[in-house]
There are 2 protein chains.
Amino acid sequence: MQMNPSRPQSPVQAAACCGPIDRLLNPDLFKALCDPTRAGLLACIAKCGRPCSVSEVAACCSVDTSVVSRHLATLEKASVLSSERDGRVVRYAVRYQELSKTLRALADAIDQCCPEGFVPGERGCCEEKGALGCGQASPVASPEHTQP
Amino acid sequence: MQMNPSRPQSPVQAAACCGPIDRLLNPDLFKALCDPTRAGLLACIAKCGRPCSVSEVAACCSVDTSVVSRHLATLEKASVLSSERDGRVVRYAVRYQELSKTLRALADAIDQCCPEGFVPGERGCCEEKGALGCGQASPVASPEHTQP
DNA sequence: GATTCATTTGCATCATAATGCAATGGTTGC
DNA sequence: GCAACCATTGCATTATGATGCAAATGAATC
């Protein structure tokens with residue numbers, strides 16, 4: 001049914017192979033973006049278009065400054081923001097290009113998995129290297145599960 | 001410094017205006033993707049490239065079937081998966097195109113906010129309609145903050 | 001050196017969510 | 001109808017994370 005030889009025939013086989021999507025579907029990034037307050041702060045700094053200090057950002061939302069500080073640190077840890085200290089002020093800026101690039105790469109990886117893939121692309125969804133799972137995500141086919 | 005007239009000068013002003021990024025930086029989507037187990041299940045179904053039943057998916061991860069069922073329902077609620085019942089079997093499939101499209105739209109919105117925007121694009125990062133916040137995200141500028 | 005300001009950290013509290021087990025609801029096949 | 005099967009839901013437990021307040025850290029100014 002599927003001409004691509006690197007396409008797994010079952011979820012168990014799919015879990016056992018590792019493709020671009022496994023790396024790009026990174027829970028840590030999404031964990032940073034999944035909180036409404038944090039998403040709002042990010043949108044705020046993004047729209048502002050310049051590095052913003054913690055207190056500046058705190059001025060436009062209802063939560064405590066300490067909470068804002070923690071949120072921005074979380075976003076920085078996820079490589080969504082970068083920070084720069086200027087005296088006693090710390091300014092956070094959006095890593096526009098890195099972020100949009102990551103999102104597009106994920107979109108590409110998803111399309112590559114799609115059976116009616118738009119992308120006639122070079123790489124398939126699975127890089128069948130030895131049929132070993134990439135070990136990144138939780139679902140790991142147990143070695144014994146190589147079914148009939 | 002910035003030629004774009006629709007660019008806010010401060011985070012408070014930025015929070016008060018509403019752009020594409022506010023809608024696209026949707027915490028609900030990221031909430032669905034932020035759990036490692038769930039991300040793994042999604043990657044698994046995506047790589048498989050065909051609709052998968054709950055028990056099929058459960059066979060390739062270490063958590064209980066009921067947990068998998070709940071995770072898949074969560075992903076469906078976030079429009080990441082679609083489901084189809086076939087007798088007593090429910091098969092979940094990845095909404096490849098919708099998902100990648102959403103991610104690309106977000107990437108575009110982020111780029112539009114970038115001062116050195118690649119996209120010479122039509123829309124700016126803020127659609128300065130009456131300088132009212134879009135009310136979607138938490139940070140909401142107080143109504144008195146309608147700047148000069 | 002002391003004070004002030006911006007940010008961060010410690011700590012306690014509260015809310016949300018992940019998980020497993022058991023039970024239930026439907027559907028198929030005998 | 002009854003048994004087997006698949007999926008979902010209820011419930012309890014546990015873990016994680018968001019939040020606010022207070023205290024601490026670090027930097028600039030007097």
Hey, can you pull the donor-acceptor pairs under 3.5 Å for the side chains in residues 66-80 of chain B, sequence neighbours left out?
{"from": "B:Ser66", "atom 1": "OG", "to": "B:Asp64", "atom 2": "OD2", "distance (Å)": "2.8"}
{"from": "B:His71", "atom 1": "ND1", "to": "B:Arg38", "atom 2": "NH1", "distance (Å)": "3.3"}
{"from": "B:Thr74", "atom 1": "OG1", "to": "B:Arg70", "atom 2": "O", "distance (Å)": "2.9"}
{"from": "B:Glu76", "atom 1": "OE2", "to": "B:Ser83", "atom 2": "OG", "distance (Å)": "2.7"}

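Counting heavy atoms from C-beta outward, A:Cys126 and A:Cys18 have side chains that stay 4.5 Å or more apart. Residues A:Pro11 and B:Cys44 have side chains in contact (heavy-atom distance under 4.5 Å, counting atoms from C-beta outward). Put simply, the side chain of B:Glu98 does not reach to within 4.5 Å of the side chain of B:Ser82, judged on heavy atoms. Here the side chains of B:Leu29 and B:Leu24 are not in contact, with every heavy-atom distance at 4.5 Å or above. In this structure, the side chains of A:Pro8 and A:Cys17 come closer than 4.5 Å at one or more pairs of heavy atoms.
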Under 3.5 Å, which N/O atoms of the protein pair with N/O atoms of nucleotides 12-17 of chain C?
none

Under 3.5 Å between N/O atoms: give me all the protein pairs with nucleotides 25-27 of chain C, atom names plus distance.
{"from": "C:dT27", "atom 1": "O2", "to": "B:Arg88", "atom 2": "NH1", "distance (Å)": "3.4"}

CA sep, side-chain torsions, deciding dist, call: A:Asp35, B:Lys31, salt bridge (charged side-chain N to carboxylate O under 4.0 Å, His left out): CA-CA 7 Å; A:Asp35 180 72; B:Lys31 224 174 269 183; over 6 Å; no
Stepwise salt bridge (charged side-chain N to carboxylate O under 4.0 Å, His left out) test for A:Arg104 and B:Asp108: CA-CA 9 Å; A:Arg104 288 206 181 85; B:Asp108 289 343; 2.6 Å; yes
Audit row: A:Cys52, A:Tyr92, side chain to side chain contact (heavy atoms under 4.5 Å, CB included) steps and yes/no: CA-CA 5 Å; A:Cys52 302; A:Tyr92 287 90; 5.9 Å; no
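In this entry the distance linking CZ of A:Arg91 with C1' of C:dT8 reads 17 Å, nearest Å. Per the geometry, CG belonging to B:Asp64 stands 14 Å off P belonging to C:dA23, to the nearest Å.
Going from atom CD1 of B:Ile110 over to atom CG of A:Leu99 covers 3.5 Å, rounded to the nearest 0.5 Å.
Following chains of ILVMFWY side-chain contacts shorter than 4.5 Å, one cannot reach B:Val89 starting from B:Leu81, and the two form parts of different hydrophobic clusters.
Between B:Val54 and A:Val63, the residue whose closest nucleotide on DNA chain D is further toward the 5' end is B:Val54.
Here B:Val67 lies in heavy-atom contact (under 4.0 Å) with a base.
At C:dA6, none of the side-chain N or O atoms of A:Ser53 fall inside 4.0 Å of OP1 or OP2 (strictly under the cut-off). For the pair A:Ser66 and C:dT7, the criterion of a side-chain N or O lying under 4.0 Å from OP1 or OP2 is not met.
With sequence neighbours excluded, the residues that form a salt bridge (Lys or Arg N to Asp or Glu O under 4.0 Å) with B:Arg50 are B:Glu56.
For the pair A:Lys47 (side chain) and B:Cys125 (backbone), a donor-acceptor distance under 3.5 Å is absent.
Where DNA chain D meets chain A (any atom under 4.0 Å from a heavy atom), the bounding nucleotides read 5' to 3' are D:dG17 to D:dA28.
Near DNA chain C, defined here as any heavy-atom distance below 4.0 Å, the residues from residues 70-77 of chain A are A:Arg70, listed numerically.
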